Every structure is written in structure tokens, then in C-alpha cells.
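Here is the structure we will look at, set down as C-alpha cells.
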There are 2 protein chains.
Amino acid sequence: MKDAWLNKVNWTQDGLVPAVAQDAATGRVLTVAWMNREALQKTVQTGDAHYWSRSRRKLWRKGEDSGHVQKVKAIRLDCDEDTILLEVEQTGGIACHTGRQSCFFQKLVGAEWVVCDPVLKDPKEIYRGAGS
Amino acid sequence: MKDAWLNKVNWTQDGLVPAVAQDAATGRVLTVAWMNREALQKTVQTGDAHYWSRSRRKLWRKGEDSGHVQKVKAIRLDCDEDTILLEVEQTGGIACHTGRQSCFFQKLVGAEWVVCDPVLKDPKEIYRGAGS
């Protein structure tokens with residue numbers, strides 16, 4: 001019964017769930033990524049947000065290349081048990097690989113998506129290798 | 001080119017994207033649901049959040065049965081263009097079909113999901129018909 005909490009999650013057929021990460025202090029929604037069982041387990045074990053990269057098909061510790069680790073303060077589950085919400089402390093104040101605070105930096109204005117958040121740090125300075 | 005903003009969204013093979021709804025005033029994450037093109041279009045046209053119900057396979061105006069409509073204040077798109085974020089005014093202060101403010105009312109405490117938000121209104125009082 002040790003994994004009962006993991007079994008309660010309503011994983012997709014691919015074994016994934018979407019995970020929203022929200023800044024615990026400001027409430028800003030930072031990222032939405034995907035988790036598999038291992039990612040959720042590692043997140044709990046280490047206190048750092050881990051995700052499953054669908055494009056790279058590998059487990060991924062957020063910030064492993066950039067240093068922009070997400071320190072997890074709370075983990076929530078929704079009523080359908082198919083979505084995770086992480087309340088995090090965002091190291092460096094930058095969650096997005098573009099060097100912005102949040103990945104949600106485009107806003108719909110009329111019929112156009114307008115970039116409305118500044119780049120806080122040049123991605124070239126953030127990444128010496130690859131990844132996010 | 002009228003639909004360029006819709007074409008910019010990176011729809012899944014099933015023609016969907018996840019949509020996070022966040023309370024515009026408090027920052028609380030309320031719901032995560034799915035949108036297809038029509039749902040996003042209707043959301044923009046009406047100012048009320050519309051979603052695609054995967055279980056019922058139909059377009060759905062949030063609050064159509066409960067009255068707990070989500071008035072959309074802003075629509076954001078993430079860097080991968082595959083997730084929507086709605087900033088909403090939540091009518092009635094209740095987003096969840098269980099009668100709670102947010103669908104994310106379960107929190108991981110040790111190895112257990114603990115219900116940690118109160119029911120604000122009995123679902124029996126909310127729904128006379130069906131749906132959410």
C-alpha cells in the first residue's frame with residue numbers, strides 16, 4: 001500500500017499527467033509540463049520538481065542545465081485526480097527557457113498574441129550546454 | 001489570416017490543448033480543462049470560458065448548469081504554444097463541481113492526499129440537472 005498515493009493519480013494511457021507549477025509567493029503560473037510516476041516520486045523524494053520530457057523521452061529535473069530549479073512547497077491534486085499543481089519557489093525567478101519569469105508571456109490582444117513580459121536574462125547566458 | 005491566432009496554437013493530434021484557469025484577483029488556480037478550436041473561439045467571442053469535455057465529447061460553457069461561469073479577463077499562451085492560461089473572475093467563488101473554490105483541494109501530506117479546502121455549497125443545491 002506504500003504506493004497508494006501514486007495509484008490514486010489518474011494517469012493517461014501513456015502514464016502521464018499535466019503538472020502546473022505556480023510561484024508559491026506571488027501566485028504567478030510559471031510552467032505546465034508533464035509528469036510520469038517516476039517524475040512525481042522524484043519530486044517528492046528530492047523536493048525539486050521533476051518532469052517527463054515528451055520530446056526528449058526522458059526524466060528531467062527542472063533547472064538541471066539552467067540552475068533554475070523549482071523547490072516544491074506543496075503538491076496538490078484536482079477533483080478528477082488527473083492534474084497536479086505544484087506550489088514552488090522558483091530559483092533565479094526565471095522559469096522559462098526564453099529567460100522570462102513565466103512561460104505564459106504571450107497575451108491575446110484583439111486577434112494577436114503579444115509578448116508582454118521582459119526577458120530577464122539572455123538564454124545564451126543561462127545555457128552553456130543544452131536543455132532547460 | 002483571420003484565424004492566424006488560432007493557428008498559432010499547437011493543438012494535439014486530437015485538436016486539443018490544456019487550459020488552466022486562474023482567479024484573476026487571488027491568483028488561485030481553479031481548474032484545468034481542455035479546449036478545442038471552437039472552445040477557444042467561443043471563449044474569446046463571449047468572454048465566458050468554454051471547454052471541450054473529453055468524457056461527454058461536447059463543447060461546454062463552464063457554469064452552464066451551476067451558474068458558476070468564468071468571466072475571462074485575459075488569455076495567455078505559453079512558450080511552446082501548447083497550453084492556455086485564463087485569468088478569470090469566478091462567479092459564485094466556486095469553480096469545482098464538489099462545491100469548493102478550486103478543483104485542487106487535495107494536498108499531499110506524507111504519503112496521503114488530504115482534503116484541505118471546505119465545501120462552500122452543497123452540490124445538491126448547485127445542480128438541479130446534470131453537468132458542471
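Just so it is clear: chains get the letters A, B, ... in the order the sequence lines come, proteins before strands, and each one is counted from 1. Predicted model only: the values in this text are computed from it and were never measured.
Hydrophobic clustering of Ile, Leu, Val, Met, Phe, Trp and Tyr side chains at less than 4.5 Å, counting indirect connections, keeps A/L86 apart from A/V69. Note on A/W11 and A/W60: same hydrophobic cluster, where clusters join Ile, Leu, Val, Met, Phe, Trp and Tyr whose side-chain heavy atoms are under 4.5 Å apart, directly or indirectly. B/V17 is connected to B/V72 through a chain of hydrophobic side-chain contacts under 4.5 Å among Ile, Leu, Val, Met, Phe, Trp and Tyr, so both are in one cluster. By the criterion of side-chain heavy atoms lying less than 4.5 angstrom apart, applied directly or through intervening Ile, Leu, Val, Met, Phe, Trp or Tyr residues, A/W34 is not grouped with B/V32; the two fall into different hydrophobic clusters. Residues A/V88 and B/F104 fall into different hydrophobic clusters, defined by Ile, Leu, Val, Met, Phe, Trp and Tyr side chains chained together at heavy-atom separations under 4.5 Å.
With rounding to the nearest 0.5 angstrom, the NE2 atom of B/H97 is 6.5 Å from the CG atom of A/D80. One distance of note links CG of B/L77 with CH2 of A/W113; it measures 4.5 Å at 0.5 Å rounding. Note that CG of B/L40 is 7.5 Å distant from CG of A/L108, once rounded to the nearest 0.5 Å. Atom CD of A/Q22 sits about 6.0 Å away from atom CD of B/Q22, to the nearest 0.5 Å. Note: B/L85 CG to A/Q106 CD = 12.0 Å, rounded to the nearest 0.5 Å.
Using a 4.5 Å cut-off between heavy atoms, B/A111 contacts chain A through both its backbone and its side chain. The contact between B/D82 and chain A is made entirely by side chain atoms (from C-beta outward), counting heavy-atom distances below 4.5 Å. Contacts between B/V29 and chain A at a heavy-atom distance below 4.5 Å involve backbone atoms as well as side-chain atoms. Only the side chain of B/V44 has a heavy atom closer than 4.5 Å to any heavy atom of chain A. Only the side chain of B/V9 comes within contact range of chain A, with heavy atoms under 4.5 Å apart. Both the backbone and the side chain of B/K107 come within less than 4.5 Å of a heavy atom of chain A.
Here B/I84 is the residue among B/I84, B/L6, B/T98, B/D23 with the most heavy-atom pairs under 4.5 Å with chain A. Put simply, of B/V114, B/D78, B/T83, the one with the most heavy-atom pairs under 4.5 Å next to chain A is B/D78.
Residues B/C79 and A/F105 share a closest heavy-atom pair of CB-CE2, 3.6 Å.
Other residues, nucleotides and ligands contribute more than 12 heavy atoms inside 6.0 Å of the NZ atom of B/K58.
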- Task: Might you work through the side chain to side chain contact (heavy atoms under 4.5 Å, CB included) test for B/D117 and A/R76, ending with a clear yes or no?
- Result: CA-CA 11 Å; B/D117 289 319; A/R76 288 174 175 265; 3.3 Å; yes
